Amino acid sequence: MPLRVRLTLWYGSALAMVLITFSVVLYVLTARNLRDDVDQSLEETATAAVRSLQERGFLPLIDEEELLSQFPELARIDKFFQIFSPSGTITIRSPNIRQHEVPLSRTALEATFNGQTILESAKYPHEPPLRLISVPIIHRGNLLYIVQVGTSMESIEDTLRRFLILLIVAMPIALAVSLAAGWFLAGRALRPVDAITLAAQRIAAGDLSQRLTMPTAPDEIGRLAGTFNNMIGRLDTSFRQIRQFTSDASHELRTPLTVMKGETELVLRRPRALEDYQAVLESNLEEIDRMTRIVEELLFLSRADMGEVKMESRPVLLEALVEDIHRQAPLLGQDRNIEVVLGTVMPALVQGDELRLRELLLNLVENAIKYSHPGGKVEIGLATVGQEAILSVTDQGIGIGPEDHTKIFNRFFRTDGARNHTKKGTGLGLAICAWIVEFHKGRISVKSDVGQGSTFTVTLPLASQAV
């Protein structure tokens with residue numbers, strides 16, 4: 001069953017229960033108030049009748065015509081009265097009751113003998129119901145008269161009957177109008193959900209460029225639409241990265257395979273000297289080493305993305321790490337006569353994985369040497385500013401254009417200058433560096449321009465601030 005139908009049915013059921021309850025309570029209260037008004041009116045009329053009799057001095061013989069002429073309030077149009085003797089015999093009654101007898105009930109007689117006023121209802125065949133009040137008149141401890149005032153309940157019953165018909169007719173109409181309004185409002189409220197459904201269907205077909213129009217009201221649907229757009233945006237970015245990653249990985253792996261295939265086919269076209277075969281095998285071994293490094297770095301990044309790389313969290317002396325890398329660095333740059341020097345090195349203690357921090361610094365130094373000009377210089381520095389350690393690696397190499405400063409940390413990204421400068425490299429080293437820095441809650445940035453060298457800066461929280 002569609003959600004719109006269910007919402008409307010739930011709303012209609014709840015509204016129907018409210019309307020029925022409200023109508024029943026309203027009817028009961030109205031009937032009670034009307035009957036209470038009748039009782040109050042009867043009491044006032046009975047009080048007037050008793051007062052009339054008291055003013056005549058409780059004569060044992062009362063002339064009806066004289067009593068009515070002197071006290072016309074006893075003969076109200078909507079009411080009738082009767083005066084009974086203590087034995088229950090009618091002494092006087094109003095003219096508007098002559099058409100039928102309304103005897104004093106046994107209950108009323110017993111109550112008045114006990115000096116009590118009593119209200120009761122009476123129903124006679126083919127007559128509207130009556131409401132009666134019986135009041136005793138007692139003088140010097142003796143019951144002289146019983147005054148009974150009554151009125152027809154026909155008007156009250158007619159009013160209640162019309163009111164009930166009105167409720168029975170109005171309630172379904174109100175319910176139908178409310179259901180129509182609920183159906184309309186539910187459809188309007190769920191319209192963004194339909195848009196989300198259509199967008200999801202288009203996305204399922206492969207169109208990740210779809211976005212929802214954000215509603216103006218910051219309600220639940222608006223937050224849902226915003227969350228959906230953010231999710232699709234992240235999915236779009238992820239799929240683009242995956243496609244780019246797949247393309248770059250294919251390119252990086254295809255290049256050494258093409259070189260190996262071409263060299264092998266060339267050397268096998270005709271018999272050659274042993275030195276030629278040896279040169280091809282050495283070249284193939286070099287390409288195999290490059291592919292092996294690409295695969296290993298890809299495997300590392302894949303495991304890092306899935307959170308499967310085990311990382312330690314121990315105090316690490318960065319200055320000792322810098323000095324250790326500095327001692328190894330001459331071996332990396334000796335074939336191109338590149339000098340690796342230490343700049344300012346200050347003591348710095350950070351919390352992290354020493355092996356990964358060593359890999360981070362070694363990658364930065366290797367990159368600096370790789371893209372330096374022969375005879376150049378690479379400088380390693382370490383300083384502390386506030387609660388942060390600042391590690392820097394500066395070279396005098398080919399440099400990086402400003403437009404590529406953020407791209408170089410993407411996987412497989414290599415600038416044109418880097419590709420022309422050297423065929424070595426996988427384009428994954430800086431991506432690994434960025435991941436290591438992020439894990440240690442630090443930052444990595446580059447300051448560089450084409451032909452003016454580069455300075456890579458890593459900022460890490462000191463041990464007192466590290467988590």
Side-chain angles (χ1 to χ4, degrees), residues 25-164:
V25 171
L26 182 61
Y27 181 83
V28 170
L29 291 178
T30 301
R32 179 180 297 176
N33 289 336
L34 290 175
R35 293 188 175 103
D36 288 344
D37 290 342
V38 170
D39 290 346
Q40 184 179 356
S41 178
L42 288 174
E43 290 174 357
E44 292 173 353
T45 304
T47 301
V50 171
R51 185 177 68 248
S52 300
L53 293 175
Q54 289 174 343
E55 290 176 355
R56 289 191 59 81
F58 304 111
L59 297 176
L61 296 175
I62 300 176
D63 182 76
E64 177 182 342
E65 299 297 333
E66 182 182 358
L67 183 64
L68 292 176
S69 63
Q70 293 183 10
F71 302 101
E73 66 270 16
L74 295 179
R76 294 183 180 181
I77 297 176
D78 62 332
K79 296 180 178 64
F80 63 89
F81 75 92
Q82 299 180 109
I83 298 177
F84 294 89
S85 66
S87 62
T89 303
I90 297 176
T91 303
I92 297 176
R93 64 181 178 183
S94 57
N96 54 359
I97 200 175
R98 295 185 186 276
Q99 64 271 22
H100 57 76
E101 297 288 335
V102 181
L104 185 68
S105 68
R106 185 177 184 83
T107 303
L109 184 61
E110 292 176 355
T112 52
F113 259 108
N114 294 327
Q116 300 174 353
T117 298
I118 183 172
L119 283 162
E120 57 185 344
S121 298
K123 184 72 173 67
Y124 298 96
H126 310 294
E127 293 287 338
L130 302 175
R131 187 67 172 167
L132 306 170
I133 182 170
S134 301
V135 181
I137 298 178
I138 300 175
H139 181 66
R140 296 178 182 179
N142 296 317
L143 179 65
L144 296 182
Y145 303 107
I146 300 172
V147 178
Q148 185 180 73
V149 180
T151 186
S152 173
M153 297 293 289
E154 184 176 6
S155 62
I156 301 299
E157 296 297 327
D158 288 343
T159 301
L160 291 177
R161 185 164 50 252
R162 288 193 298 269
F163 184 57
L164 180 61

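Quantities reported herein were computed from a predicted structural model and do not represent experimental measurements.
- Residues Pro128 and Ser152 form a side-chain contact, since some pair of their non-hydrogen atoms from C-beta on lies under 4.5 Å apart.
- Between Leu132 and Ser121, the closest side-chain pair of non-hydrogen atoms is not below 4.5 Å.
- Residues Leu104 and Gln148 are in side-chain contact: their nearest non-hydrogen atoms beyond the backbone lie under 4.5 Å apart.
- With Thr112 contributing its side chain and Ala108 its backbone, the two residues share a donor-acceptor pair below 3.5 Å.
- With rounding to the nearest 0.5 Å, the separation of CD1 in Ile137 from CG in Asn142 is 13.5 Å.
- The shortest side-chain heavy-atom distance between Arg35 and Leu160 falls under the 4.5 Å cut-off.
- Between Ile146 and Ile83, the closest side-chain pair of non-hydrogen atoms is not below 4.5 Å.
- At least one side-chain heavy atom of Val149 sits less than 4.5 Å from a side-chain heavy atom of Val147.
- For the atom pair CG of Asn114 and CG of Leu143, the computed distance is 10.0 Å after rounding to the nearest 0.5 Å.
- Checked against side chain to side chain donor-acceptor pair (under 3.5 Å), Gln116 has no partners two or more places apart in sequence or in another chain.
- Donor-acceptor pairing under 3.5 Å is lacking for the side chains of Arg131 and Thr151.
- One finds the CG atom of Leu119 at 5.0 Å from the CG atom of Asp39 (value rounded to the nearest 0.5 Å).
- For the atom pair CD1 (Ile133) and CD (Glu43), the distance works out to 4.5 Å, reported to the nearest 0.5 Å.
- The salt bridge (charged side-chain N to carboxylate O under 4.0 Å, His left out) check on Arg162 picks up nothing, with sequence neighbours excluded.
- For the residue pair Glu120 / Ser105, a side-chain donor-acceptor distance below 3.5 Å is found, with atom types taken as modelled.
- The structure places CZ of Phe163 at 15.0 Å from CG of Asp158, a figure rounded to the nearest 0.5 Å.
- Judged purely by atom type and a 3.5 angstrom limit, Thr45 uses its side chain to pair as donor or acceptor with the backbone of Ser41.
- The CG atom of Leu164 lies 11.0 Å from the OG1 atom of Thr30; values are rounded to the nearest 0.5 Å.
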Run the side chain to side chain contact (heavy atoms under 4.5 Å, CB included) test on Leu144 and Ile138 for me, step by step, so that the C-alpha distance in whole Å, both residues' side-chain angles and the decisive distance to 0.1 Å come before the verdict. CA-CA 6 Å; Leu144 296 182; Ile138 300 175; over 6 Å; no
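- Nearest approach of Ile90 to Gln82, heavy atoms of both residues: CD1-OE1, 3.4 Å.
- Among all heavy-atom pairs drawn from Thr117 and Pro136, the shortest one is OG1-CD, 3.9 Å.
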Residue pair Arg161, Glu154: steps toward the salt bridge (Lys or Arg N to Asp or Glu O under 4.0 Å) verdict: CA-CA 10 Å; Arg161 185 164 50 252; Glu154 184 176 6; over 6 Å; no
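- Taking 4.5 Å as the limit, some side-chain heavy atom of Val38 sits within range of a side-chain heavy atom of Met153.
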